*Asks:* 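First, the structure itself, so that you have it in front of you.
From a predicted model like this one, the values you see are computed outputs, not experimental measurements. All residue numbers in this chain count up from 1 along the given sequence.
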Amino acid sequence: SRLPEIAANQRARRWQQLFSPGIRGKTALIVGLGDLGQGAARAAKQLGLKVIGVSRTGKNIRHADAVHKTAALDRLLPGADYVVMAVPLTPQTRHLLSRGRMDRMKPSAGVINISRAPVLDNDALADKLRRGELAGAVLDVVEPEPLPPESPLWDTPNLIITPHISCDDGERYVDLSLDLWFENLERFLKKKPLHSRVDPRRGY
């Protein structure tokens with residue numbers, strides 16, 4: 001998609017007709033297949049993309065054409081048209097999409113991060129966008145948040161930044177969180193297993 005460049009042209013008051021090629025049949029590489037990643041896979045499939053998943057276990061999911069373990073990431077990146085980062089932040093996933101891995105991507109590829117900012121190297125991403133070595137990116141997460149006005153990310157070409165809003169139902173977020181908390185309190189008092197438990201060994 002040329003949308004980041006089109007948005008940049010609007011801010012610059014520049015009229016330039018840029019036509020985005022169709023996405024049907026292109027490849028979305030979705031890194032992380034929890035709730036967010038599976039939602040991204042489902043949406044990508046509905047848009048007619050080929051969906052390749054990457055996860056710690058490599059376990060197949062419904063909306064992916066294939067799923068691989070994380071060790072296959074270097075081999076899969078050159079074939080991706082879109083890379084969607086949806087992994088939790090752990091010591092193993094920090095800078096998972098590193099400068100070296102971005103160098104493996106084709107210049108026409110785009111990056112979307114809906115997980116946590118440090119799972120990719122944002123400085124490297126900005127450098128590659130400035131040099132035209134990636135087509136565009138969408139970041140829903142940045143570091144720090146809120147992003148300070150002096151951050152160079154604001155002026156990075158072909159980059160769209162959204163303020164950490166891609167996955168939450170804003171109007172009901174607090175209600176849903178409290179519902180889960182009170183449900184778990186009731187389960188705890190009845191000595192039942194809790195919902196949404198974190199495994200300290202994995203970090204999520």
Side-chain angles (χ1 to χ4, degrees), residues 1-21 23 26-32 36-37 40 44 49-55 68 70-167 203:
S1 171
R2 307 291 293 277
L3 192 57
E5 192 174 353
I6 292 166
N9 282 341
Q10 178 184 340
R11 290 192 295 271
R13 301 172 185 243
R14 182 186 307 117
W15 184 271
Q16 181 183 9
Q17 289 181 306
L18 298 172
F19 297 97
S20 295
I23 65 172
K26 293 198 172 180
T27 298
L29 179 63
I30 300 176
V31 185
L36 282 180
L49 280 85
K50 179 181 179 183
V51 175
I52 306 298
V54 172
S55 69
H68 302 267
T70 309
L73 187 56
D74 288 344
R75 176 173 55 83
L76 297 169
L77 282 167
D81 296 295
Y82 306 98
V83 175
V84 180
M85 300 301 291
V87 292
L89 178 61
T90 69
Q92 291 73 35
T93 62
R94 183 174 291 275
H95 280 197
L96 183 63
L97 191 57
S98 62
R99 184 180 297 271
R101 284 193 165 127
M102 281 185 246
D103 287 343
R104 301 179 72 85
M105 296 171 62
K106 51 191 173 186
S108 59
V111 174
I112 301 166
N113 188 5
I114 55 173
S115 55
R116 292 290 181 261
V119 303
L120 63 83
D121 183 339
N122 284 300
D123 291 338
L125 176 67
D127 288 345
K128 292 189 77 63
L129 289 169
R130 287 189 194 99
R131 293 197 300 262
E133 295 174 1
L134 286 174
V138 178
L139 299 180
D140 187 53
V141 286
V142 291
E143 192 174 42
E145 291 185 3
L147 191 63
E150 63 274 12
S151 170
L153 283 178
W154 289 115
D155 298 315
T156 299
N158 303 328
L159 173 62
I160 292 176
I161 299 171
T162 56
H164 207 149
I165 56 171
S166 67
C167 65

*Asks:* With side chains defined as the heavy atoms from C-beta onward, is the minimum distance between K106 and P78 less than 4.5 Å?
*Replies:*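 Sidechains of P78 and K106: no contact.
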*Asks:* Among I30, L49, T27, whose side chain to side chain contact (heavy atoms under 4.5 Å, CB included) with Y82 holds?
*Replies:*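 It is L49; the other options fail the test.
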*Asks:* For the NE2 atom of H68 and the CD1 atom of I52, what is their distance to the nearest 0.5 Å?
*Replies:*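 Reported value, rounded in 0.5 Å steps: 5.5 Å.
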*Asks:* Mind running side-chain contact (heavy atoms from CB on, under 4.5 Å) on I161 and T156 for me, showing each step along the way?
*Replies:* CA-CA 10 Å; I161 299 171; T156 299; over 6 Å; no
*Asks:* Can you measure from CG (L125) to CD (E133) and round to the nearest 0.5 angstrom?
*Replies:*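 Rounded to the nearest 0.5 Å, the CG-CD separation comes to 11.5 Å.
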*Asks:* Is it the case that the side chain of T93 and the backbone of P88 share a donor-acceptor pair, with hydrogens and angles ignored and the cut-off at 3.5 Å?
*Replies:*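 Side chain of T93 to backbone of P88: a pair is present.
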*Asks:* Tell me, with the steps shown, if V83 and L120 meet side-chain contact (heavy atoms from CB on, under 4.5 Å).
*Replies:* CA-CA 11 Å; V83 175; L120 63 83; over 6 Å; no
*Asks:* Of all heavy-atom pairs between P107 and G132, which one has the smallest distance, and what is that distance?
*Replies:*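 Taking P107 first and G132 second, the nearest heavy atoms are CB-O, 4.3 Å.
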*Asks:* Could you report the tightest heavy-atom contact between V87 and S115, atom names first, then the distance?
*Replies:*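 Looking at all heavy atoms of both residues, the closest pair is O-CB, 2.9 Å.
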*Asks:* Does the side chain of N122 come within less than 4.5 Å of V142's, by heavy atoms?
*Replies:*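 When only atoms from C-beta onward are counted, N122 and V142 do not touch, as no gap falls below 4.5 Å.
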*Asks:* What is the minimum heavy-atom distance between M105 and G110, and which atoms define it?
*Replies:*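 M105 and G110 have their closest heavy atoms at CE-O, 4.2 Å.
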*Asks:* Quick one: pull up CD in E5 and OG in S20 and give me the separation to the nearest 0.5 Å.
*Replies:*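 E5 CD to S20 OG: 9.0 Å, rounded to 0.5 Å.
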*Asks:* Could you state the interatomic distance from CG (L139) to CD1 (I112), rounded to the nearest 0.5 Å?
*Replies:*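 Answer for the CG-CD1 pair, L139 versus I112, is 10.0 Å.
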*Asks:* Apply the test side-chain contact (heavy atoms from CB on, under 4.5 Å) to residues L97 and V119: give CA-CA distance (whole Å), side-chain angles for both, the deciding distance (0.1 Å), then the verdict.
*Replies:* CA-CA 6 Å; L97 191 57; V119 303; over 6 Å; no
*Asks:* Report, as yes or no, whether the 6.0 Å neighbourhood of atom CD on Q16 holds more than 12 heavy atoms from other residues, nucleotides or ligands.
*Replies:*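 Result for CD/Q16: enclosed.
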*Asks:* So does K128 pair up with D103, basic N to acidic O under 4.0 Å?
*Replies:*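 Result for this pair is yes, salt bridge flagged.
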*Asks:* Which atom pair, heavy atoms only, marks the closest approach of S108 to A135?
*Replies:*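 That would be O-CB, 3.4 Å.
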*Asks:* Under 3.5 Å, is there a donor-acceptor pair between the side chain of N113 and the main chain of R116?
*Replies:*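 Checked: pair present.
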*Asks:* Is there a side-chain contact (heavy atoms from CB on, under 4.5 Å) between D127 and R99? Walk through the geometry before answering.
*Replies:* CA-CA 9 Å; D127 288 345; R99 184 180 297 271; 3.1 Å; yes
*Asks:* Checking the side chain of D81 only, and the main-chain atoms of K26 only, is there a donor and an acceptor separated by less than 3.5 Å?
*Replies:*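 No, D81 side chain to K26 backbone: no donor-acceptor pair under 3.5 Å.
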*Asks:* Consider only side-chain N and O atoms of D121 and S98, and report whether a donor and an acceptor are under 3.5 Å apart.
*Replies:*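 Note: D121 and S98 side chains miss the donor-acceptor criterion.
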*Asks:* W15 side chain to N9 main-chain N or O, any donor-acceptor pair under 3.5 Å?
*Replies:*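 Flag not set: sc W15 to bb N9 has no pair under 3.5 Å.
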*Asks:* Would you say V111 and L129 make side-chain contact, with heavy atoms under 4.5 Å?
*Replies:*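 A side-chain contact under 4.5 Å is absent here.
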*Asks:* Sequence neighbours left out, what pairs pass salt bridge (charged side-chain N to carboxylate O under 4.0 Å, His left out) with at least one residue falling in residues 10-21?
*Replies:*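 Every pair satisfying salt bridge (charged side-chain N to carboxylate O under 4.0 Å, His left out) with a residue in residues 10-21: there are none.
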*Asks:* Just how far is it from atom NZ of K50 to atom CD1 of I23, taken to the nearest 0.5 Å?
*Replies:*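 One gets 15.5 Å once the value is rounded to the nearest 0.5 Å.
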*Asks:* Might you point out which heavy atoms bring V141 and A117 nearest each other, and give the distance in Å?
*Replies:*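 In terms of heavy atoms, the two residues are closest at CG2-N, 3.5 Å.
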*Asks:* Which heavy atom of A28 sits nearest a heavy atom of A44, and at what distance?
*Replies:*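 So the minimum-distance heavy-atom pair works out to CB-CB, 4.2 Å.
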*Asks:* With no hydrogens and no angle check, is any side-chain donor or acceptor of R101 less than 3.5 Å from a backbone partner on L96?
*Replies:*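 Pair found, side chain donor or acceptor close to backbone of L96.
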*Asks:* Nearest 0.5 angstrom please: H164 NE2 to L147 CG, how far?
*Replies:*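 Taking NE2 in H164 and CG in L147, the distance rounds to 13.5 Å.
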